[in-house]
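Remarks on the structure that follows.
When a ligand or atom number is given, it counts from 1 through the structure's own listing order.
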Amino acid sequence: MSKTCAIILAAGEGVRMKSNLPKALLQVLFKPMLTWVTDAVKKNSVSDICIVAGYKADKISEYIKDEWEIAIQNERLGTGHAVKCALDFLHRHKESQVLIVSGDVPFVDSDTINESLNTHLLQHNSVTVISAVLCDPLGYGRIIRDDNNCIEKIVEEKDATASEKEIQEINSGAYWFSAAALIDSLSKLTNDNAKGEYYLTDTIEIIKKAGKKVGVHVAKGEEIALGANTRIQLNKLNEIARKKELERQMLQGVDIPCTDGVIISANSKIGNDTTILPNTIIKDNVTIGQFCTIGPNTVLENCTIENGTSLSNTVVKDSHIGNNVSVGPFAHIRPDCDIRDNIKIGNFVEIKNSIVDDGSKLPHLIYVGDSDVGKKVNFGCGCVTVNYTGKYKYRTVVKDGAFIGCNTNLVAPVTVGEKAYIAAGSTITRDIPEYSLAIARSQQIVKENWVKEKDPYK
Ligand code: UD1
Ligand code: CA
């Protein structure tokens with residue numbers, strides 16, 4: 001197999017997006033367009049990637065960390081100039097086939113990348129353009145073919161004649177080049193065109209004139225070419241990706257009776273016979289088991305939910321929730337929670353950085369933070385772990401089978417022993433031994449006939 005590498009063009013600003021981010025970092029289904037592209041490229045085992053960044057290049061380097069090489073294009077002089085900015089990378093990959101793709105055309109898929117590479121190698125082409133046939137080709141470069149149906153050149157919209165504009169086969173902006181032919185043709189580019197830019201597309205004609213083979217791989221469908229110049233178009237890309245992901249999940253056995261407001265990111269795993277209800281947003285890195293009910297009005301991010309669990313009107317982030325757990329309505333599971341099996345978490349409950357072990361119940365109006373809660377613990381309504389002194393945070397430990405009466409404050413650091421029992425309204429500041437009763441509130445005083453004698457309503 002021949003060696004491969006990729007250059008991703010992402011120096012553009014995307015003026016009409018009116019964003020503080022470079023266009024390639026704007027998101028489709030919670031994932032930057034650039035990552036859609038790198039994911040598809042990586043899937044084909046192309047691991048040497050160079051990203052050409054320019055506008056807000058620092059944001060791109062910050063985002064990709066050191067995963068890939070970055071070449072900087074200081075001024076936007078066109079796609080050909082952008083590739084020239086990666087010459088150093090190209091020289092180091094002289095023997096390779098180079099895939100060139102745009103960082104803002106997110107639906108370039110790994111199958112097309114793979115099939116077009118096969119075409120490229122089989123036909124011994126020096127460049128293979130990935131084209132698509134569009135109902136509305138407006139704005140794209142058109143593929144001009146000669147009498148033998150071979151590609152002759154690509155003409156940009158602005159440079160096209162009226163009859164060329166009729167052509168529906170367009171340049172998707174993705175190509176396979178032999179690196180050597182590309183390097184050679186880049187040195188011959190001029191900016192003699194309507195936009196005054198160095199067009200990468202002109203390399204096709206240059207390579208052909210040099211007597212080398214140029215070819216086209218026609219992609220299936222239109223999606224491969226879709227990009228976005230405005231937020232309205234970005235919304236269209238989101239809608240396409242959203243619908244596709246929902247259909248993929250439904251075909252895998254996930255029940256989505258009404259898709260209104262349901263957004264599922266493309267890398268989520270959901271078990272069959274799980275139901276997703278309206279207004280549920282499943283962001284990055286979520287795994288859900290079988291026979292769960294998720295939603296309505298639920299947001300999940302970076303978490304695992306096991307089987308048979310239901311979450312209603314709930315937000316969960318960076319956490320694990322076990323089997324047969326019932327959460328909500330109106331609960332918030334904040335980062336670093338491990339909620340194990342057969343647990344009830346009811347309305348208006350917030351849990352953060354805590355373990356809650358099997359069979360415990362936290363049914364109403366509770367805050368548990370920085371805590372280790374054992375098995376079969378019962379929290380009464382309105383309990384609070386007092387985890388923060390204003391400067392330091394401490395942990396609360398509640399051992400198995402403890403009963404925390406309503407409206408108890410557990411002032412951390414504190415440990416409630418196994419099967420200990422706390423009277424309602426207590427503020428607990430000292431450890432409670434196992435099997436003990438703790439009452440930490442002032443004694444009730446009753447003054448008989450006080451109302452009649454003092455008459456407080458006078
Ligand atoms: C380009 C193609 C066109 C094709 C279309 C598909 C050229 C001359 N035209 O046109 O044939 O149909 O893509 O989407 O290549 N970029 C840089 N630096 C620059 C200019 C662009 O990095 O100086 C990047 C952009 O960020 C973008 C990509 O290159 O990711 C494509 O540039 P864009 O200006 O969108 O090209 P189009 O005019 O759409
Ligand atoms: Ca474009």
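- Residues Glu152 and Lys208 are not paired through a salt bridge, judged by the lack of any N-O separation under 4.0 Å between the basic side chain and the carboxylate.
- At a threshold of 4.0 Å, the pair Arg340-Asp357 counts as salt-bridged, since one of the basic side-chain nitrogens sits closer than that to a carboxylate oxygen.
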Can you give me every donor-acceptor pair (side chain of residues 129-141, partner residue at least two apart or in another chain, under 3.5 Å) with its distance?
residue, atom, partner, partner atom, Å
Ser131, OG, Glu169, OE2, 2.5
Asp136, OD1, Leu138, N, 3.2
Tyr140, OH, Ala225, O, 2.8

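- At least one heavy atom of Ser172 sits less than 4.0 Å from an atom of ligand 1.
- With a 4.0 Å heavy-atom cut-off, ligand 1 is reached by the side chain of Glu156 but not by its N, CA, C or O.
- Among Gly78, Gly12, Ala82, the residue whose heavy atom lies closest to atom 20 (C) of ligand 1 is Gly78.
- Near Tyr199, meaning under 4.0 Å from any of its heavy atoms, are these atoms of ligand 1: 8 (C).
- For a threshold of 3.5 Å applied to N or O pairs, the pair formed by Asp104 and ligand 1 contains at least one separation below that value.
- With Lys195, Gln73, Glu157 as candidates, the residue nearest to atom 38 (O) of ligand 1 on a non-hydrogen basis is Lys195.
- The pair Lys42-Glu67 meets the salt-bridge criterion, since a charged nitrogen lies less than 4.0 angstrom from a carboxylate oxygen.
- By the criterion of a heavy-atom distance under 4.0 Å, neither the backbone nor the side chain of Ile170 is placed next to ligand 1.
- Near Tyr140, meaning under 4.0 Å from any of its heavy atoms, are these atoms of ligand 1: 6 (C), 12 (O).
- A side-chain donor-acceptor contact under 3.5 Å links Trp36 to the backbone of Val28.
- Here's the thing with Ala11: one of its N/O atoms is less than 3.5 angstrom from an N/O atom of ligand 1.
- Residues Lys56 and Glu13 are not paired through a salt bridge, judged by the lack of any N-O separation under 4.0 Å between the basic side chain and the carboxylate.
- Checked by atom type and distance alone, the side chain of Thr274 never pairs as donor or acceptor with a backbone atom of Ile270 at under 3.5 Å.
- Between Ile224, Asp159, Thr79, it is Thr79 that holds the heavy atom closest to atom 16 (N) of ligand 1.
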Under 3.5 Å, which donor-acceptor pairs do the side chains of residues 76-84 form with other protein atoms, sequence neighbours left out?
residue, atom, partner, partner atom, Å
Arg76, NE, Ala11, O, 3.4
Arg76, NH1, Gln73, O, 2.7
Thr79, OG1, Leu200, N, 3.0
His81, ND1, Gln73, NE2, 2.9

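- For Thr201, the heavy-atom gap to ligand 1 drops under 4.0 angstrom.
- For the residues Gly173, Gly141, Ala53, the heavy atom positioned nearest atom 13 (O) of ligand 1 is part of Gly173.
- A heavy-atom distance below 4.5 Å is not found between the side chains of Val41 and Lys43.
- For ligand 1, the polar-atom distance check against Ile154 finds no nitrogen or oxygen pair separated by under 3.5 Å.
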